[in-house]
Trainee: 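Okay, here's the structure, questions in a sec.
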Amino acid sequence: DETRMGFVVARFERVVEIQRLLLDQLSVLETMTPLDFLDFRDYLVPASGFQSVQFRLIESTLGLRPDDRATLADGAAYHTHLQKGEQKTIADNEAQPSLFDLVEGWLERIPFLDQEGYDFWQEYKQAVDAMLAGDADIISNNSLLSDAQRDAQLKMLEQTRTTILSIIDAKEYAKLQEQGLRRLSHRAMSAALFIELYRDFPALQLPHKMLRLLVDIDELFTAWRQRHAIMVHRMIGRKIGTGGSSGHKYLQAAADKHKVFTDLFDLPTYLVQRSALPTLPEALQNRLRFNYEGTL
């Protein structure tokens, strides 16, 4: 609900601070040596992080889907390490709309892309073409590059063009979704890009802050998983985990794979400089500003 946006942003800011505290706690654990850990490790068996139903609930609430999860060493489903009642709790939670689903729906409702006489994608493509043409001129006229280096950089620039154009065409975008390279709907991704490009307008400042906080939350969970994986590596090397996992190997795979808002992480791929942004129609600018009729 758009009227709750300030509340949502405030809660996300709190979540970020909690995550930072969790990361700081790992620094305390890392003062323990591997031999210190071995003194009591056997008492933990067969306990495992797999048994944390709360962490699984957090992941599924954010939008991590079962098929997106790293595979366990024995090939079993991730929830098999939980008790029966907890498995049902997880399944019930996964059946509910996740935060990802709600954010996607919110982005799809943003109205500013559909304005009479204004085509966002057409204006955006012209700006991209101009930006890439400028980059091509810089590469072509760089006397420090050899012919081979120049050709290689121009080829990479053309690949960048292809990548950016794929987000404009709905059919090409659908192919990326089929390949698992995009998750947000085309409409939602369009809205997210619009917010990112025109975030200086008052009506978009809070939505932009919310998208940045979602990236912060996803990044901090990834950082926690990576720190955890590194800590496990330094504590037990390549031994199996106390719950029978592959230990460090599984944890590192989870850190690499368990992001939810990857589409938002990839948004900078499609940005153009503020100075090159197409000017919005005056009527749309007025909708995005604090615009009042009459005089005080």
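Everything numeric here is computed off the predicted structure, so don't read it as measured data.
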Trainee: Could you work out, with ring-ring contact (aromatic ring centres under 6.0 Å, His included) as the rule, every residue matching W106, not counting sequence neighbours?
Mentor: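 Once residues adjacent in sequence are excluded, W106 has no partner under the ring-ring contact (aromatic ring centres under 6.0 Å, His included) criterion.
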
Trainee: With no hydrogens and no angle check, just 3.5 Å: does a side-chain donor-acceptor pair link Q96 and D92?
Mentor: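 Result is no, nothing qualifies.
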
Trainee: Check whether any side-chain heavy atom of L22 sits under 4.5 Å from a side-chain heavy atom of L26, and report yes or no.
Mentor: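 Answer no - side chains too far apart.
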
Trainee: Let's go through F221 and V260 carefully: what are the C-alpha distance in whole Å and the side-chain angles of both, what is the deciding distance for side-chain contact (heavy atoms from CB on, under 4.5 Å) to 0.1 Å, and is it a yes or a no?
Mentor: CA-CA 10 Å; F221 271 124; V260 175; over 6 Å; no

Trainee: State, yes or no, whether a side-chain contact exists between R227 and E30 at a heavy-atom distance under 4.5 Å.
Mentor: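 They are in side-chain contact.
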
Trainee: Between R182 and D266, is the closest basic N to carboxylate O distance under 4.0 Å?
Mentor: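 Looking at R182 together with D266, the answer is yes, because their closest N to O distance falls below 4.0 Å.
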
Trainee: Taking C-beta and beyond as the side chain, do M235 and L29 meet within less than 4.5 Å on heavy atoms?
Mentor: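 Contact flag for M235/L29 side chains = no.
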
Trainee: Please determine whether a side-chain nitrogen of the Lys or Arg among K259 and D68 lies less than 4.0 Å from a carboxylate oxygen of the Asp or Glu.
Mentor: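 A salt bridge is absent here (no side-chain N lies under 4.0 Å from a carboxylate O).
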
Trainee: Answer with yes or no whether the side chains of S98 and D101 bring together a donor and an acceptor at under 3.5 Å.
Mentor: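 Note: D101 and S98 side chains meet the donor-acceptor criterion.
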
Trainee: Report yes if some heavy atom in the side chain of L288 is under 4.5 Å from a heavy atom in the side chain of P202; otherwise report no.
Mentor: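 No. Closest side-chain heavy atoms not under 4.5 Å.
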
Trainee: Is it true that F194 and Y198 have ring centroids separated by less than 6.0 Å?
Mentor: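 Ring centres of Y198 and F194 closer than 6.0 Å.
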
Trainee: Within the distance-only criterion (no hydrogens, no angle test), does the side chain of R41 pair as donor or acceptor with the backbone N or O of P34 below 3.5 angstrom?
Mentor: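 Pair absent, no side-chain N/O of R41 close to backbone of P34.
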
Trainee: Where does the angle between the aromatic ring planes of Y124 and F120 fall among parallel (under 30°), tilted (30 to 60°) and perpendicular (over 60°)?
Mentor: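 Correct class here is parallel.
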
Trainee: Between T33 and D36, does any side-chain donor sit less than 3.5 Å from a side-chain acceptor?
Mentor: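 Present: a donor and an acceptor within the cut-off.
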
Trainee: Less than 4.0 angstrom from a charged side-chain N to a carboxylate O is my criterion; do E86 and R56 meet it?
Mentor: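 Between R56 and E86 there is no salt bridge, as every charged N stays at least 4.0 Å from the carboxylate O atoms.
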
Trainee: Assess whether a salt bridge exists between E282 and R287, defined as any Lys/Arg side-chain N lying under 4.0 Å from an Asp/Glu carboxylate O.
Mentor: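 Not counted as a salt bridge, because no side-chain N and carboxylate O are separated by less than 4.0 Å.
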
Trainee: Are the side chain of D218 and the backbone of F261 linked by a donor-acceptor contact shorter than 3.5 Å?
Mentor: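 Pair found, side chain donor or acceptor close to backbone of F261.
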
Trainee: Do the charged groups of D129 and K125 touch, with an N to O distance under 4.0 Å?
Mentor: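 Yes, charged N to carboxylate O under 4.0 Å.
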
Trainee: Is there a donor-acceptor contact under 3.5 Å from the side chain of Q205 to the main chain of D200?
Mentor: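 Side chain of Q205 to backbone of D200, a donor-acceptor pair under 3.5 Å: yes, one is there.
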
Trainee: What residues form a ring-ring contact (aromatic ring centres under 6.0 Å, His included) with H186, not counting sequence neighbours?
Mentor: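 Testing H186 for ring-ring contact (aromatic ring centres under 6.0 Å, His included), a comparison that skips the adjacent residues, returns W121, Y173.
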
